[in-house]
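First the structure, in the form of structure tokens, and then the observations on it.
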Amino acid sequence: MSRSDQEGPPRYLKDREEYFSDEQRKRTTVESRKMEKRVRENLRAQKDRPAVMKYFDDIHTYGGIRVKELKEFRKTGGKVVGTLCVMVPFELINAAGARGVRVSSGYYEPVHPANELLGDAGLCPMVKSTIGAKMVHSDPLAEEIDLLVCPATCDGKLKLAEIYEDWAPVMMMNIPRVKTGDTTSRLWMGEIKFLKQKLEELTGRKIKRKALLNEIGKWNDAQAAWGRLLEYRKSKTPPISGQDMMLIAQASQKDEITRWTKKVKDLEKELKVMVRKGLHAGETGAARIMLAGSPMIYPNFKIPSLVEESGGLIVSDELCSGHRIMSDPVMLDERSMSEMLMALAERYFFPCTCPCFSPNDDRIRRMKESIHLFGVEGVVFHTLRGCHLNNLEATKIEMKLREAEIPMIKLESEYDDGDVEQVRTRIEAFVEMIKTRRAFSVKKEGSS
Amino acid sequence: MDRFKGSIIRPWRLLFQFLGVAFLLGQSFGLPPFGTSPMLRTLFLPNASCRYVDTAPTSCFYYQFQDGMTSGASTYYVDVIVVLLIIVLMVLVLGRIWCSWLCPFGLVQEGLAYLRENLNIRPYRLKWAHRELLRPVKYVILFLTVLLSLPIGLSGLGLLGCQSTLALPFCQVCPAKGFFTVSEQLLGLEPWGTALPLLAIVSLLLFLVSSFFVKMAFCRICPMGAFMALFSRFSLMWLEKDVDKCTKCRICLRVCPVDHDRVYEDMESVDVAGSDCTLCGRCVEMCPEEGCLSLSFGPKRLASSKKPGRLGFLGMFHRKEGK
Amino acid sequence: MSEPLKPYDVGIDVGAISTKVAVVDKERKLVAHGVRLTTMEPGKLARSLLDEVLKEAGVDNGQIQYIVATGQGRRSVDFADMARTEITAFSKGAYYLHPESVILIDIGGQGIRAMRRGEMGIIEDFRTNDKCSSGTGSFLDAMATALEVDIKDAGSLAVSSCGGEEVCATCTVFAESEVVSMIAKGKKKEDILAGLDKMVARKVNGLVNSMRSKGPVFIGGGVGENIGVVEELKSVANREVFVPEHPQLIGAMGAAFMAPREHEGEKEVRREEVVVKKRSFFDLFRKVKR
């Protein structure tokens, strides 16, 4: 399915594929597989983990069942659409008869090929890893896509898509980065219509009104299931860890959504039993942590696993690899095609608090609301190196959170394991700080 | 279970509206089950019945308002003041709830929108700039009505001769007049050949066409609404917004039949109804955030937004925040 | 409680460069201490160092109630009762030694940590250096080696300088080459050292300023022993700078201080009750929230 036999836009890098030795390709693949396995085993070693979680592990497994399914699907003429962002409506992709997968990479090893060819450039490691994986064909999931849909959120992704063009057709979506005003809605609506047209061209069949309605219904069901799952995180002793929740959320962007919903419902039942038995994730009296900042794509679960290993428990997050995936259902007022598209467009755009938008006070407000709802005691703000947008917003958020007496720690990380111990020290200190604060506040309450 | 809805308000509202309109029309036509109660004869509700129905026991307050202004100079406008005071009192307590829970115009427009929706024709959405232009139009119509009906009743101004042409200025262009005169002639309640109010018929056609394509087109220019809007911001009926829970997803703005953007924009106030909201509760039932928007009577929440998929039976009387 | 029998607590700070042991009594007074360079086997080293210190001070092993480990190698101290991060330990130590100071700076062998202290010695915020170890003890050590000066004398030598040189590079490697070129130019050692100290002080001062507080500064860690850096910092920081008696031992002492307090009984975790917004009749007249 490569483009080599097609006429296409000029290629910059593809012809340099020989640049990479076979040995290097192999190493990248092997290392990626090893890393994924390590992370998966780490996840499985969590105490009192629900049994259903194994299914979500399998979805994410390197070259696992999902890849096989997609391969089969493509053999029968189906098309797979890759995305890089939460702002692409999966309902639309599914309604066109295609399958959507998010191909942002969390593997550490592919950063090196990208670095070798493009230079370091202070670029976000997620972008580098995604390109690198494509360059050396090390991510089996990314190999299966027929079209990459990439909203131009940050500079990294903008240019990432341009480079990606060498290997797969890319459709850029113009994200209006200023959210105010009526024109924003219209512009984004236009982009969604364009996406619809592109998808119809890709699959060669029209998106029917009924099909779209049906898909929206499916996704809304998924949202409702996810929403019920979130309720468990609000309890004093959440039965499920933050890593697992993130894994589930990300699985929704790879899996068939009906199957995913069913599994989430199964998980809910299991959690109910666990709660009755008094089982819970994390240690007793764990510090309730909220993750914020740059996305953490599986298997880049360095920070969350460190948090949960050092006596914290992630009870909420604000990541586009977590809660933001299932942020809001699509509420249909009327069911004509253009109205449904509008509902889709607005749902994927307006509630999104990606730092690439300019009046972004909503993010702070919604973080505060989550802090209130989930009983968060401290915020771990993670930025990938080179994620300027999150970096710049961190200070403002920190100031605002301090007003609300919620401590925040900002961590910058790269895609490698080198800084694990340093980061661990900081997270442990942060958790200790939260616990002393807690003891102190209890004491103050008691004395008064 | 409908997967697209949160709490339920619309069916209740439609039921209320149907029964109300049937009752009031039954009253004005003197149909047996409703009769013509003497009490209603002395009440002038916003647009309960039309003067141009022969058997009507009463009229809309706007008719009384125009009529009183023209003819009430000798009685110090007591009639007008009493009528308006009743309306003001009603608005102060219940807000513009009339508009979307009882008004026959509203019912007709909703029927047209329903028809359009089922024909799969998309609504024409006004641009923000056009909405802003349209906003003051209803007040202008209200003002013009006063400007025309007041002086022609004052003998000192010597305009009494204009009364035959300029009396009841709004009624001359009111779609209801067009509708009732035409329908009465068609039904044979009135003899054929009586002079047809051409202006009113044109506006009736405009009304039908525009509200077929634009949601609640007439409500945006309705002078009765304008009069109520003057006082509705002080009313006890609130459209309450819990700003902390808002995700700014814009659903409230998209589903609002009158494009009342304050629900979406305002991040300061508790009551976001303002003057333009007709309290139909559409945004409340569509808002996917638990308890973000609610219709409330003072501090008492009557209906709140709920997460879809978790709707209780009778969303309308749902009470908030158990824990 | 068997308190009279066990009047001592021990803090062990296994840093990146050196391992510190502090024995304190229940009045939080330092009884004995010892410092040694960290080896590849920090656990064994800590044990032997502790035994040595105890022997010197004439304290019996049975008189020790708690052993608390801290520092980067805290996990390898297997005989410790508990392990705490160096950040918490340092802030605790600094709080009991000088409660007035608000900003606590710990310049260790490979890391600089800045903390802001809130009520009751609880830190509100902290920052550490990321990947670069410029300005830390090992940086100064490398410079002293390049200048062929004993690190113990480096501070006093720098103070004796009349006017320091300007060192621009912050990277250890680049700074070393800059120092070498200065030596080649025939600059005085003390002037170069003064310049280096000034550079470190500027870096630390930047960290102090980033803590967003105007309060007095407490400086500890190995570099706190370097009088040159402290003097420079005093002149740059424009606020009160407090240096304790044994700057290097703050972490170990803080760890020891932490012992009794932590074992007074784990408090039951109680989350703050969620305040449900009460709506009163008077809300009627208050339509605007803020």
Side-chain angles (χ1 to χ4, degrees), chain A residues 234-237 283-288 309-311 313 315 371-378 383 385 395 398-399 401-402 405-414 416 418-419 421-447, chain C residues 14-16 70-75 82-92 95 106 108 110-111 113-133 210-213 251 254-255 258 261-262 264-277:
Chain A
K234 291 179 187 168
S235 85
K236 271 187 185 177
T237 49
E283 54 186 72
T284 321
R288 298 172 73 87
E309 279 164 20
S310 349
L313 186 71
V315 290
I371 286 168
H372 173 78
L373 278 180
F374 293 93
V376 174
E377 292 169 310
T383 62
R385 193 171 146 258
T395 314
E398 193 182 350
M399 295 290 199
L401 290 183
R402 186 162 299 149
E405 296 204 338
I406 297 290
M408 181 182 122
I409 182 177
K410 189 177 144 192
L411 300 169
E412 199 179 68
S413 84
E414 264 270 25
D416 64 56
D419 54 357
E421 287 310 315
Q422 274 197 2
V423 172
R424 189 196 296 275
T425 303
R426 279 192 246 174
I427 290 178
E428 271 180 23
F430 187 65
V431 169
E432 280 170 12
M433 178 173 129
I434 288 171
K435 286 185 177 169
T436 20
R437 278 171 75 107
R438 184 156 61 189
F440 177 54
S441 79
V442 169
K443 218 177 252 176
K444 213 158 78 174
E445 252 172 50
S447 65
Chain C
V14 187
T70 181
Q72 281 171 8
R74 61 187 174 281
R75 251 176 281 271
M82 54 190 180
R84 289 289 177 269
T85 56
E86 54 267 39
I87 295 167
T88 319
F90 185 87
S91 67
K92 194 63 78 179
Y95 174 63
D106 175 11
Q110 279 183 359
R113 291 166 282 271
M115 293 143 250
R116 196 182 61 237
R117 183 188 59 75
E119 278 178 276
M120 294 285 294
I122 298 168
I123 37 172
E124 285 180 342
D125 190 13
F126 63 90
R127 244 153 250 230
T128 64
N129 59 331
D130 253 329
K131 284 178 179 167
C132 177
S133 64
S210 76
M211 296 314 289
R212 304 184 193 107
S213 170
M258 215 144 38
R261 160 174 289 274
E262 286 272 347
E264 272 167 8
E266 289 279 331
K267 295 278 182 312
E268 195 205 333
V269 181
R270 214 191 316 162
R271 268 175 55 208
E272 273 179 55
E273 291 293 312
V274 177
V275 185
V276 180
K277 268 181 241 159

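Throughout, protein chains are lettered first and strands after them, A, B, ... in sequence-line order, and every chain is numbered starting at 1.
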Rounded to the nearest 0.5 Å, how far apart are [atom1] of [X] and [atom2] of [Y]?
X: T425(A); Y: R113(C); atom1: OG1; atom2: CZ; value: 8.0 Å
X: I427(A); Y: T85(C); atom1: CD1; atom2: OG1; value: 11.5 Å
X: E428(A); Y: I87(C); atom1: CD; atom2: CD1; value: 10.0 Å
X: F430(A); Y: D125(C); atom1: CZ; atom2: CG; value: 9.0 Å

In terms of heavy-atom pairs under 4.5 Å, which option from R116(C), Q72(C), R127(C) contacts chain A the most? R116(C)
Is it the backbone or the side chain of A16(C) that comes under 4.5 Å from a heavy atom of chain A, or both, or neither? neither
Contact origin within I123(C) toward chain A - heavy atom pairs under 4.5 Å: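 Backbone plus side chain of I123(C), per the 4.5 Å heavy-atom cut-off to chain A.
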Heavy-atom distances under 4.5 Å only: say whether T395(A) touches chain C with side chain, backbone, both or neither.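 Just the side chain, heavy atoms under 4.5 Å.
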Part of Q422(A) lying under 4.5 Å from any heavy atom of chain C: side chain
When you look at E398(A) and R212(C), which way does the side chain to side chain contact (heavy atoms under 4.5 Å, CB included) test go after all the steps? CA-CA 12 Å; E398(A) 193 182 350; R212(C) 304 184 193 107; 4.1 Å; yes
Do the side chains of M115(C) and M433(A) get nearer than 4.5 Å, heavy atoms only?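 M433(A) vs M115(C): side chains apart.
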Please find the pair of heavy atoms, one from I122(C) and one from T436(A), that lie closest to each other, and give the distance. CD1-O, 3.8 Å
Under the side chain to side chain contact (heavy atoms under 4.5 Å, CB included) criterion, do F126(C) and I409(A) qualify, and how do the steps go? CA-CA 8 Å; F126(C) 63 90; I409(A) 182 177; 3.5 Å; yes
For R84(C), does its backbone N or O pair with a side-chain atom of E432(A) as donor and acceptor, under 3.5 Å?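 No, E432(A) side chain to R84(C) backbone: no donor-acceptor pair under 3.5 Å.
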